[in-house]
Each structure stands twice: as C-alpha cells, then as structure tokens.
Amino acid sequence: MEECISVFDMLKIGVGPSSSHTLGPWRAAERFLEELKDEAILDEITRVKVDLYGSLSLTGKGHATDLAVMLGLSGQDPEYIPVDDIAGIIKKIETTSEINLANRKMIPFYFLQDIVFNKDFLPFHANGLKFTAYKADDSEYESTFYSIGGGFVVKEERSNAKQKEVIKCAFPFPIQNAAELLNYTISENKSISEIVYQNEISMRPEAEVHSELMRVWNTMLECMYIGCHSEGILPGGLHVRRRAFDMHQNLIGLSNYNDPQSWLEEIRKTEVKFRQILKWVSCFALAVNEVNASLGRVVTAPTNGSSGVIPAVLMYYMVIENHNAGEKEIKQFLMVAGEIGSIFKKGSTISAAMGGCQAEIGVSSSMAAAALCELMGGTPAQVLMAAEIAMEHHLGLTCDPIGGLVQIPCIERNTMGAIKAINAAELALETDSKNAKVPLDKVINTMWETAKDMNSKYKETSEGGLAIAVNMADC
C-alpha cells in the first residue's frame, strides 16, 4: 500500500519558529488531550508533566518547544490562535502556576519543574516527548510522541524512523516516488498539478480544495506583507535586526498601497533588473522567516525553518514573470510543490533533526523549483528535473542554529534556497529531459543515505558547526 499524503499535509498553517520543535510538540499535546478524553480521565487529572528528549531538549528553548507544549495543553489551536494572544497566555501560566487543561479544567502547572529537558535521545527518533498525567489517586497515564518534521507527529508503532506507517490510500493516483508520478502524467496525458488535483478532490469537495489552497496562499502573502512592514530586533537574545523592512523600503520607495493585494500590484510597477530581482526574492524570503522567528503565523512548507522559500518563489512569479497570474497559477504552484514535498517525506525525511538542513531548505527549494518549472511551461519530466537539480546542490547541508534559534543561519538560507529554486527551474527548462543523468528518486535516496551518515551534532542539536563556532556572547 502507498502512503497517502495530501498537499495540505505538506503546507500547514501554524505558528513559528519551528515545525518540528514548535508545531509538532503543540500537535502532540493536542493528541495527548484527545487520548485523555478517549480514556474518560481528563476531568480526573490533577497534574501533567512533559519530558523532552534529544533535539527537542537540546534546542527546545530556542525553538519555543516549552511554550508550544503549554499552549497545546491549554487547548489552543496553532492554526487559528491570534498570535497577539500567545504572550498573554504564557505569562498567565508562568505567573499563576496554573494551566487551563484542554481549556476546561484549571490544574497546578510549574513550568520550570513540569517541563523537563532531557539531553538523552530516545531510540525511535531524535525528537521525542513524553506526557505523564497524574490522577488524585497517584495513578498515571503516559504517552510518548515523536515530532518527525513538518509538523507531523507519530507514535512508536513503527519499528524504525525509515519505515513509513502503512495507510490505505484512496487516491486515484497513489504516488510513492517520482517515477510513479511521471508514469501517471504520461499514461493520463496530464500535468503534475492535474494529477495532484484529482487526488485532492477524491478526499474533499472541489470548492474546499480551492478555498483551502487560497487560504494557504493568502496566509503566505500576509506573512510576507507583515515581514516587509515590521522593523526592530528579533526575540531570543541574538539581537538579530530585521532586514526585510529596510530592504523593502529601498526597493519600493513611496508607493501607495494599503493591503497585501494592492501591495503586490505596486511591486509589479517597480524596476526589474537582475539585482532588483535578487533583492526582491531575498526580501520576500527574509520577511517570512523574520515573522517565523518572532512566533508569527506562517505556512509550514515543508517546515517552518524553510517556510520562506515557496512564498518567495511564487511571489517572484507573480510580480516579475507573469503580471496576469492569479488563482489558477497559485493553485497549480502549490499543488506541484506539495506533491514534490510528499515524495521527499516518503523516500527520505523533512526533519532537520534526522537529516540536517538539506531536509528543510533543500526540500523546500526542490518543491519551489518544480512548481515554478511547471508554471513556466516545463514538461512533467522537466519539472522533476528542476526538483532534482535544486536538491542536488543542497546535499549535505547541515543544521547548526546558533543558540538553538531559527535565525542564524536559518533566515538567510531561505533566500539562498529561493534563488537556487529559480535557477534550477531555468536550467531544467533549457534541458532536454532525455539527457538527464540523475533521476529525482536517486537524489532522494542519496539524501537519505547522506542523512544517515551525517554526524548528529549537525542535526539540529546546536552541538556543531556555526552553533559552536559563534556563541551567544559573540552576538
């Protein structure tokens, strides 16, 4: 059987700064609450303790893992919570030493004691967390989850991290790898986005597919808009100054607009030269990841740490390449990007804790390259070639965040991933796919082998690379 992954599994709306360290633990807390409800013991709980393991422990503070767990246990939804409410909810928990469990029962909660950072790793996955609920009679209920990247959360039912949970897939075109996807496009005489669309409408009504894809894009657009209009210093102690604001001001000048859509239209009127294009693409990517670093709302694509690549490349297409682009092109782009991401998840990993930053920026660049290539008229074979080229030049990229924060080098890496995606799409468009030497599936397999060989200190632990070469005191 094939693993059935929707575009909306790969493009999730949530809160920064990390899909594996923030969104995943948040969702794990929600699932834990559901288990307590299923066991009919939620109202009997008098205390909850959370143990964080491995990468979640080593970089959890910088990634707001502790905050995410508290918000999840409070019954808040990362997709819809007003981000301006987050600080107040956390402050109340810390000052009152109480948490509103599942938003229906107040219990004592001492966050310095009840969230435990354990540096040791659980054998199943680098991102483990265990919830323990205590009842008045001192009996306990325990549940362990693993945040495997991109906001995906699993239990330890699988024997190892490479084996994928078997899900009966009802898609008319079940896809496990790039070769199968290409074969469908040939046999059905359809583009990749058309194949993906048929799969999506087999799960939900067409109107819902349309509205949800546009909600994803509008969240991306709003995120870029907010990032380009916010200045100051990012939280966390590195004293990183936001750059998108100044870059945006230098690019757009005194243009007149009052919302994200009119802003997009004004950008279309600006000067277009190579340097300006580089700056605009970089500005879009910086804007998203500066919002992400400040616990803002972003779209996990396929992770929060790489959330700037896909919106930056799609925005590039809309404001530089095709001024007539609208909903049709937006949906086409997102469907292709989501499908390429799902193939990487099935064949390798999208977790930096498992594979380094090649699993985040590399995959997002590959997703964006493929999507752009289709919009620019590429054949399905060229689209897959674009994805392959983008990943090929991210192989071995480590994850070494300074201070455990999704800031340095993470924010800038999104600009590089976006530029590489555009370059990869152009190279693929100028190449006869019959002459391709490296299939996408071979690169995905190579990425997984590279991930397994990579030293753990370069896998989102902040124990190697820039994370130790540059410390907080240097900043």
Side-chain angles (χ1 to χ4, degrees), residues 14-29 48-74 76 78 83 86-87 89-95 97 99 109-122 125-131 145-147 149 151 233-240 289-290 292-296 298 303-305 351-353 357 360 399-411 456-475:
V15 173
S18 171
S19 52
S20 60
H21 287 55
T22 314
L23 182 59
W26 195 326
R27 291 300 189 194
V48 172
K49 186 181 79 165
V50 185
D51 284 277
L52 306 177
Y53 295 92
S55 180
L56 289 184
S57 172
L58 292 166
T59 61
K61 286 286 187 182
H63 289 70
T65 305
D66 49 349
L67 309 187
V69 166
M70 288 190 280
L71 290 164
L73 290 174
S74 300
Q76 301 296 329
V83 292
I86 291 176
I89 294 170
I90 296 300
K91 184 70 172 175
K92 186 174 182 180
I93 294 171
E94 293 178 349
T95 56
S97 297
I99 194 166
F109 191 85
Y110 303 92
F111 73 99
L112 293 177
Q113 302 171 29
D114 292 333
I115 300 178
V116 183
F117 291 80
N118 303 279
K119 291 187 177 181
D120 50 316
F121 286 71
L122 298 180
H125 192 279
N127 292 333
L129 67 165
K130 181 179 71 175
F131 295 87
F145 299 87
Y146 298 88
S147 179
I233 305 297
L234 294 174
L238 286 179
H239 306 293
V240 174
N289 287 88
E290 287 172 357
N292 180 64
S294 54
L295 277 77
V298 299
T303 68
N304 282 34
S351 167
C357 201
E360 296 204 20
C399 181
D400 49 356
I402 297 173
L405 297 163
V406 192
Q407 296 181 19
I408 303 174
C410 320
I411 295 174
S456 63
K457 67 184 182 181
Y458 298 115
K459 296 181 180 181
E460 207 168 4
T461 60
S462 288
E463 294 182 322
L466 287 174
I468 62 170
V470 183
N471 56 45
M472 298 287 279
D474 294 323
C475 301

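Hydrogens, waters and symmetry mates are skipped; everything else that's a heavy atom, side chains included, is used.
- Rounded to the nearest 0.5 angstrom, L405 CG and C410 SG are separated by 8.5 Å.
- Residue S462 comes nearest to G403 through the heavy atom pair OG-C, 4.5 Å, listed as atom of the first residue, atom of the second, then distance.
- Heavy atoms only, all atoms of each residue included: L234 and E290 are closest at CD2-O, 3.5 Å.
- Between V470 and I408 the shortest side-chain heavy-atom distance does not fall below 4.5 Å.
- Scored by the side-chain hydrogen bond (donor to acceptor under 3.5 Å, both in side chains) test, N304 finds N292, T300 as partners (sequence neighbours excluded).
- Of all the heavy atoms in A293 and I411, the pair that sits closest is CB-CD1, 4.3 Å.
- Using a 4.5 Å heavy-atom cutoff, the side chains of L71 and V15 are not in contact.
- Looking only at distances, a side-chain donor or acceptor of H21 sits under 3.5 Å from a matching main-chain atom of S55.
- Expressed to the nearest 0.5 Å, how far OG of S147 lies from CZ of R27 amounts to 11.5 Å.
- Looking only at distances, a side-chain donor or acceptor of Q407 sits under 3.5 Å from a matching main-chain atom of P235.
- K457 pairs by the side-chain contact (heavy atoms from CB on, under 4.5 Å) definition with N455, T461, E463, not counting sequence neighbours.
- With hydrogens and angles disregarded, no donor-acceptor distance shorter than 3.5 Å links the side chain of W26 to the backbone of G151.
- Of all heavy-atom pairs between T65 and P25, the closest is CG2-CG, 3.8 Å.
- To the nearest 0.5 angstrom, T59 atom OG1 is 12.0 Å from D400 atom CG.
- For K119, the side-chain contact (heavy atoms from CB on, under 4.5 Å) test picks out S57, L58, with sequence neighbours left out.
- Residues I115 and M70 have side chains in contact (heavy-atom distance under 4.5 Å, counting atoms from C-beta outward).
- P78 and L23 get closest at one heavy-atom pair: CG-CD1, 3.6 Å.
- From F109, atom CZ reaches atom CD of E94 across 10.0 Å, with rounding to the nearest 0.5 Å.
- Distance check, rounded to the nearest 0.5 Å: CD1 of I99 to CD1 of I93 gives 4.0 Å.
- With N289 contributing its side chain and G305 its backbone, the two residues share a donor-acceptor pair below 3.5 Å.
- Enclosure of atom CZ in F121 by more than 12 non-hydrogen atoms of other residues, nucleotides or ligands within 6.0 angstrom is indicated.
- Here the shortest heavy-atom pairing between P17 and V406 reads O-CG2, 3.5 Å.
- Residues C399 and E360 form no side-chain contact, since every pair of their non-hydrogen atoms from C-beta on lies 4.5 Å or further apart.
- Every residue two or more places apart in sequence or in another chain that forms a ring-ring contact (aromatic ring centres under 6.0 Å, His included) with F131 is listed here: F32, F145.
- Under the 3.5 Å distance criterion, the side-chain polar atoms of S351 are matched with a main-chain donor or acceptor of A353.
- The side-chain contact (heavy atoms from CB on, under 4.5 Å) test with L295 is passed by exactly one of L67, I90, T22: L67.
- Residues that satisfy the side-chain hydrogen bond (donor to acceptor under 3.5 Å, both in side chains) test with Y146, not counting sequence neighbours, are E156.
- Residues meeting the salt bridge (Lys or Arg N to Asp or Glu O under 4.0 Å) test with K61, sequence neighbours left out: D66.
- Here the CG-NE2 distance, from L52 to H63, works out to 12.5 Å after rounding to the nearest 0.5 Å.
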